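Note: hydrogens, waters and symmetry copies are ignored here, and every other heavy atom, side chains too, is used. Please read these numbers as outputs of a predicted model, since none were measured by experiment.
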Amino acid sequence: MIDFTDLPKRKKTYTGANGSKISVIYGGEQYMLKFPALSLRNKNLSYTNSCVSEYIGCHIFESVGISAQKTLLGTYTINGKQKIVVACKDFTSAGVTLQDFASLKNTIIDSEHNGYGTELSDIMNAISEQDAVNSEDLRDWFWDVFIVDALLGNWDRHNGNWGFLYDINMDEMTIAPVYDCGSCLFPNADEEVMRKTIADRDEINFRVFNIPLSGIKLNGEKINYFDFISSVSNKDCNKALKRIVPKINMNEICGIIDDTPFITDLQKTFYKTMLKERKERILDFSLQKLEERDREKHMPER
């Protein structure tokens with residue numbers, strides 16, 4: 001159990017809307033300490049479980065081979081009240097800054113939309129038109145992250161919470177590790193919601209097929225993960241589906257959850273249940289559908 005309360009603090013500040021953030025030194029390295037946000041969606045929950053979601057989400061990204069921010073769970077005491085917080089290792093350094101995709105998107109000066117617009121076609125156009133990083137690598141990375149976000153149920157992957165590390169001295173960009181996963185894994189679910197969901201197939205189905213929606217939009221509407229992926233109509237998404245699903249090891253993911261400190265057995269069961277259901281019914285189902293379609297294409301005509 002890590003107590004972050006009395007650690008040395010730095011003056012660096014961080015942007016973002018979800019919860020307070022301070023900079024601390026832990027183990028000789030700089031971390032962003034994120035506090036749980038107030039629960040505005042569920043009045044029965046004082047604070048969201050976003051810190052736990054951040055921790056588990058980043059570890060699951062790492063488990064499938066996608067670089068993610070190093071995260072630690074611990075406590076921080078304020079005015080005698082102990083809070084569960086997540087420490088996110090600061091991956092910037094002297095001469096290396098974080099720049100979000102919205103900033104890069106704004107460099108496409110003939111785009112009709114601003115950097116924070118999340119229409120899929122506009123994002124894909126910006127990825128193709130930018131010259132800061134290899135566009136094919138960036139497109140693959142985007143769709144790989146989209147598939148894992150579908151597994152995790154991330155409803156808030158927008159252009160301001162993924163991006164690049166810019167080396168000021170070399171004038172070079174690289175894709176930054178995945179960060180800001182606090183909107184994964186139903187952070188507004190309280191124990192009553194978790195218990196009800198586990199016991200009711202309709203509640204599980206609702207959280208697989210209906211919510212959450214992606215932060216990315218198609219024709220002005222937020223993308224439904226199941227509908228979009230299972231349509232097998234986007235070739236880049238299909239390629240990512242083939243790349244990522246074989247790397248998802250549910251035994252390893254269950255181990256991550258079992259080893260997560262502070263959470264109850266009910267939370268562990270809820271997270272494992274929803275991840276299993278979303279993998280099988282969104283990702284596995286879609287991959288099977290895609291493979292069957294591919295086999296039919298290659299079958300000789302009679």
Side-chain angles (χ1 to χ4, degrees), residues 10 12-23 30-35 37 50 53-54 57-58 61-62 66-71 86-149 152 154-184 187 212-217 222-223 236 240:
R10 300 295 297 272
K12 182 173 182 178
T13 59
Y14 300 95
T15 59
N18 294 324
S20 301
K21 305 171 182 70
I22 61 174
S23 178
Q30 190 160 325
Y31 281 78
M32 173 181 64
L33 211 60
K34 297 178 73 171
F35 293 77
S50 59
S53 297
E54 183 91 51
C58 286
F61 268 104
E62 286 281 357
I66 298 176
S67 177
Q69 192 170 40
K70 180 181 178 181
T71 54
V86 61
C88 305
K89 186 177 179 182
D90 192 325
F91 43 65
T92 63
S93 58
V96 178
T97 63
L98 177 65
Q99 297 189 3
D100 60 24
F101 178 70
S103 300
L104 181 62
K105 192 167 176 282
N106 276 335
T107 67
I108 312 302
I109 57 177
D110 60 348
S111 173
E112 297 179 358
H113 305 280
N114 66 36
Y116 288 97
T118 56
E119 183 66 33
L120 178 61
S121 60
D122 203 40
I123 291 174
M124 291 298 102
N125 178 66
I127 287 175
S128 296
E129 293 295 323
Q130 60 79 37
D131 59 4
V133 297
N134 181 279
S135 59
E136 185 175 343
D137 291 344
L138 182 56
R139 187 180 299 107
D140 287 349
W141 183 92
F142 173 89
W143 286 110
D144 287 352
V145 170
F146 182 86
I147 294 297
V148 181
D149 276 342
L152 297 172
N154 189 352
W155 54 268
D156 196 36
R157 182 74 66 196
H158 53 76
N159 297 346
N161 62 14
W162 64 278
F164 312 87
L165 295 177
Y166 173 60
D167 188 315
I168 296 170
N169 297 316
M170 300 298 294
D171 191 32
E172 291 179 349
M173 289 265 219
T174 55
I175 301 172
V178 170
Y179 60 97
D180 206 351
C181 295
S183 297
C184 299
L213 301 176
S214 169
I216 309 301
K217 295 181 179 180
K222 287 189 173 184
I223 289 174
D236 292 318

Passes side-chain contact (heavy atoms from CB on, under 4.5 Å), K89 versus T71? Steps please. CA-CA 6 Å; K89 186 177 179 182; T71 54; over 6 Å; no

Close side-chain approach of [X] to [Y], heavy-atom, < 4.5 Å:
X	Y	result
I168	T97	yes
K70	C58	no
I223	F146	yes
V145	F61	yes
I123	N159	yes
L98	F91	yes
I175	F142	no
C88	L33	no

Decide side-chain contact (heavy atoms from CB on, under 4.5 Å) for Y14 and I22; before the verdict, give the C-alpha distance in whole Å, the side-chain angles of both, and the deciding distance to 0.1 Å. CA-CA 7 Å; Y14 300 95; I22 61 174; over 6 Å; no

Measure across [X] and [Y] and return the closest heavy-atom pair with its distance rounded to 0.1 Å.
X	Y	result
L104	A132	CD1-CB, 3.8 Å
K105	A126	CG-CB, 3.7 Å
S23	Q30	OG-NE2, 3.1 Å

Answer with yes or no whether the side chains of R157 and T118 bring together a donor and an acceptor at under 3.5 Å.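 Note: T118 and R157 side chains miss the donor-acceptor criterion.
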
S135 vs Q130, test: side-chain hydrogen bond (donor to acceptor under 3.5 Å, both in side chains). Steps then yes/no. CA-CA 7 Å; S135 59; Q130 60 79 37; 5.2 Å; no

Starting from the C-alpha separation in whole Å, work towards a yes-or-no answer on side-chain contact (heavy atoms from CB on, under 4.5 Å) for S214 and K222. CA-CA 6 Å; S214 169; K222 287 189 173 184; 5.9 Å; no

According to ring pair (Phe, Tyr, Trp, His ring centres under 6.0 Å), who are the partners of F164, at least two apart in sequence or on a separate chain?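 Per chain and number, F164 pairs via ring pair (Phe, Tyr, Trp, His ring centres under 6.0 Å) with no residue.
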
Sequence-distant partners of F101, ring pair (Phe, Tyr, Trp, His ring centres under 6.0 Å), two or more places apart: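 Only W162 meet the ring pair (Phe, Tyr, Trp, His ring centres under 6.0 Å) criterion with F101.
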
Short side-chain to backbone donor-acceptor contact, [X] and [Y], under 3.5 Å:
X	Y	value
E62	A68	yes
N161	D156	yes
Q69	Y179	no
S53	C184	yes

Going through the checks in order, is the side-chain contact (heavy atoms from CB on, under 4.5 Å) test met by W141 and I66? CA-CA 8 Å; W141 183 92; I66 298 176; 4.3 Å; yes

Contacts of K12 that satisfy salt bridge (Lys or Arg N to Asp or Glu O under 4.0 Å) - sequence neighbours left out: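 Counting only residues at least two positions away or on another chain, K12 forms a salt bridge (Lys or Arg N to Asp or Glu O under 4.0 Å) with D90.
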
Nearest 0.5 Å, please: how far is [atom2] in [Y] from [atom1] in [X]?
X	Y	atom1	atom2	answer
M32	T92	CE	OG1	10.0 Å
I127	D122	CD1	CG	10.5 Å
M124	D236	CE	CG	7.0 Å

Is atom CD of Q99 surrounded by more than 12 heavy atoms (other residues, nucleotides or ligands) closer than 6.0 Å?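 Correct, the count exceeds 12.
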
Could you give me the CA-CA distance, side-chain angles and deciding distance for N106 and Y116, then say whether side-chain hydrogen bond (donor to acceptor under 3.5 Å, both in side chains) is met? CA-CA 9 Å; N106 276 335; Y116 288 97; over 6 Å; no

Please determine if D180 and K34 form a salt bridge, counting it only when a charged side-chain N lies under 4.0 Å from a carboxylate O.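 Looking at D180 and K34, the cut-off is met.
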
